[in-house]
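Shown next, in structure tokens, is the structure this report addresses.
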Amino acid sequence: MSFNTLGLRAELLRAIEDQGYTQPTPVQSQAIPIVLQGHDIMAGAQTGTGKTAGFTLPTLQKLSEHQSEGKRPLRALVLTPTRELAAQVHDNVRTYGKYLPLKTAVIFGGVSINPQIDKLRRGVDLLVATPGRLLDHASQKTVDLSKVEVLILDEADRMLDMGFIHDIRKVLALLPKQRQNLMFSATFSDDIKKLANSILRDPVEVAVAARNTASERVEQLVHPVDRVRKRELLSYLIGSGNWQQVLVFTRTKHGANRLSQQLMDDGISAAAIHGNKSQGARTRALKDFKSGQVRVLVATDIAARGLDIDQLPHVVNFELPNIPEDYVHRIGRTGRAGNEGIAISLVCIDEHKLLKDIERTIKRNIPQQVIEGYEPDPSIKAEPIQKKPQQRKGKPRAHSGQRGGGKPQTAQNRGHSKNRNNRRRAA
Ligand code: AMP
């Protein structure tokens with residue numbers, strides 16, 4: 001199928017061509033005509049499927065079909081859970097809308113509100129926003145949502161995970177009743193279905209990848225290892241494999257900070273990205289990682305959500321996530337847009353139950369490979385990790401890969417650990 005058959009105008013087709021896309025992805029070929037016809041949609045699509053263009057292209061087309069004279073009312077609103085995702089969606093909007101005379105803006109917290117107010121005052125056709133900052137603007141009357149024709153909820157499941165349901169409801173109350181609604185979610189919990197039922201009107205369902213099916217292109221591997229040796233093994237894998245760009249997931253913000261510091265102590269450039277970092281620090285870390293200045297980006301699930309990093313060859317689960325679906329999201333960071341990727345999980349004895357849950361969710365067993373020199377010590381007792389999803393937002397847990405490890409090892413003292421000379425990647 002080609003983009004020409006989807007009913008998009010020439011300016012959009014030209015922008016698509018500039019991007020070098022030859023054909024629509026499945027979510028695009030399904031969603032675009034439905035949105036153009038004016039239907040609500042409920043789309044099950046993860047990051048990496050091309051979903052952003054799936055909603056951006058038809059929305060831009062609709063906005064450009066009839067434009068009012070004078071100051072423009074805000075007609076399309078995209079809500080996203082994170083600042084990074086908001087910025088990326090807006091980048092997409094600008095890319096695809098570059099040949100159209102539409103005005104767009106992005107607003108999120110953590111940065112000065114005044115430039116946003118100026119921009120909104122001048123009139124914007126399409127706005128990408130995180131819920132908190134949008135409500136700040138609404139309460140200051142610096143944004144008028146009463147003329148919104150299209151509402152897009154991107155990564156709705158993550159918005160609920162992050163506790164945005166009340167903010168979403170407040171935003172909905174400010175929108176006109178008569179509007180088109182597009183909802184995108186990677187997963188379909190009961191809460192998501194409830195939200196969809198309350199927002200969407202007779203929606204057409206669009207499902208692209210079977211739910212919770214991990215990408216076939218991504219090679220997945222588990223390295224069993226003791227919890228106190230995870231960091232050492234990670235440094236070894238990065239160094240011996242000469243990995244240049246690695247996204248590493250930890251369960252906690254504290255764990256992300258500590259691991260990135262320890263990697264730097266090992267002489268590996270690293271940065272942490274999580275919700276406690278300022279917006280500037282997060283943007284800088286992502287930029288340095290994308291440009292290759294930083295080799296390892298250590299991230300929590302929420303911070304990593306929606307990061308658009310192309311051709312990411314290595315994703316490492318330093319700790320398995322408590323929620324199996326997060327594993328699917330994490331490994332979705334690699335093997336995107338036709339590139340091969342490998343997703344490695346460092347799994348200690350505490351995490352065996354989490355691993356089983358993940359394997360049940362993705363409906364396959366992940367091959368295991370013990371790395372020589374890092375064989376798990378069978379005398380170590382498991383201290384299984386309790387599943388408490390709300391820990392995402394809570395204090396760091398004692399169960400991190402480094403617990404009980406005493407002084408963190410550095411490149412210098414690491415040489416004293418056992419089997420150093422045997423360390424070789426298993427065949
Ligand atoms: P998304 O799921 O929206 O985050 O998009 C994932 C990646 O796919 C982004 O890097 C897009 O630039 C890219 N992409 C989107 N649509 C296409 C397409 N039709 N062909 C190839 N790549 C695409």
Side-chain angles (χ1 to χ4, degrees), residues 81-85 109-111 158 161-162 225-239 243 245-291 293-307 309 312 314-323 326 329-330 333 344-348 350-351 385 388-414:
T82 65
R83 302 158 184 184
E84 283 80 9
L85 186 60
V111 295
R158 196 50 51 140
D161 282 356
M162 291 173 73
V225 61
D226 291 337
R227 70 178 87 87
V228 296
R229 300 198 68 208
K230 281 188 175 187
R231 199 268 306 141
E232 197 189 339
L233 175 57
L234 177 61
S235 290
Y236 168 67
L237 291 170
I238 293 170
W243 297 353
Q245 208 182 29
V246 195
L247 180 61
V248 177
F249 285 95
T250 59
R251 266 198 299 269
T252 66
K253 299 170 193 173
H254 181 60
N257 279 340
R258 186 172 46 187
L259 181 61
S260 93
Q261 186 55 54
Q262 289 169 337
L263 289 168
M264 286 194 284
D265 289 344
D266 278 357
I268 296 169
S269 56
I273 188 167
H274 54 67
N276 284 2
K277 295 261 176 182
S278 71
Q279 184 56 34
R282 288 156 77 170
T283 309
R284 202 162 44 246
L286 185 60
K287 188 166 145 268
D288 290 347
F289 181 62
K290 281 184 170 182
S291 71
Q293 267 172 280
V294 163
R295 225 165 140 184
V296 183
L297 190 65
V298 187
T300 55
D301 288 287
I302 287 175
R305 179 76 173 166
L307 290 183
I309 308 164
L312 198 53
H314 300 103
V315 166
V316 175
N317 295 307
F318 188 75
E319 294 151 334
L320 289 180
N322 290 343
I323 302 165
D326 280 347
H329 292 308
R330 288 178 178 192
R333 317 277 90 223
I344 284 176
S345 301
L346 309 185
V347 178
C348 71
D350 306 339
E351 299 171 304
I385 288 150
K388 283 190 193 156
Q390 64 269 31
Q391 276 160 6
R392 289 162 170 286
K393 290 173 211 137
K395 288 200 183 327
R397 295 174 50 77
H399 281 97
S400 78
Q402 294 299 316
R403 182 193 43 192
K407 182 173 176 280
Q409 290 191 329
T410 63
Q412 286 74 42
N413 66 22
R414 195 173 44 162

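The first residue of the sequence shown is numbered 1, and numbering continues consecutively from there. Side chains are part of it too, since the values below use all heavy atoms of this structure and drop only hydrogens, waters and symmetry mates.
- Among residues two or more places apart in sequence or in another chain, the side chain to side chain donor-acceptor pair (under 3.5 Å) test is passed with R282 by E84.
- Within the 4.5 Å cutoff, the side chain of N322 has heavy atoms near those of the R251 side chain.
- Applying the 6.0 Å contact sphere to CZ of R284 captures no more than 12 heavy atoms from other residues, nucleotides or ligands.
- Annotation: side-chain contact (heavy atoms from CB on, under 4.5 Å) contacts of A271 (sequence neighbours excluded): A285, V294, L297.
- For the 3.5 Å distance criterion, the side chains of Q261 and D265 qualify, holding a donor opposite an acceptor.
- Considering all non-hydrogen atoms of both residues, W243 and V316 come closest at CZ3-CG2, 3.8 Å.
- Of the residues listed (N257, T252, T300), the one engaging H274 in a side chain to side chain donor-acceptor pair (under 3.5 Å) is N257, and it is the only one.
- Interatomic distance, CG of L247 versus CZ of F318, reported as 14.0 Å (0.5 Å rounding).
- A distance of 6.0 Å separates CZ of R330 from CZ of F249, quoted to the nearest 0.5 Å.
- For the residue pair N317 and S345, the shortest heavy atom distance occurs at ND2-OG, 2.9 Å.
- Taking R83 as the reference, nothing meets the salt bridge (charged side-chain N to carboxylate O under 4.0 Å, His left out) condition, with sequence neighbours excluded.
- A distance of 7.0 Å separates CG in L234 from CD1 in I268, rounded to the nearest 0.5 Å.
- Remark: D288 pairs with no residue by the side chain to side chain donor-acceptor pair (under 3.5 Å) rule, at least two apart or across chains.
- In this structure, the separation between CD1 on I344 and NE2 on H314 is 6.5 Å, given to the nearest 0.5 Å.
- The pair D326-R158 meets the salt-bridge criterion, since a charged nitrogen lies less than 4.0 angstrom from a carboxylate oxygen.
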Check the pair V225, E232 against side chain to side chain contact (heavy atoms under 4.5 Å, CB included), reporting the backbone distance first and the verdict last. CA-CA 10 Å; V225 61; E232 197 189 339; over 6 Å; no
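- Formation of a donor-acceptor pair under 3.5 Å by the K230 side chain with backbone atoms of L346 is found in this model.
- The distance from atom CD of Q245 to atom OG of S291, rounded to the nearest 0.5 Å, is 9.0 Å.
- When the side chain to side chain donor-acceptor pair (under 3.5 Å) test is applied to S260, no partner is found at least two apart in sequence or on another chain.
- Looking only at distances, a side-chain donor or acceptor of E351 sits under 3.5 Å from a matching main-chain atom of C348.
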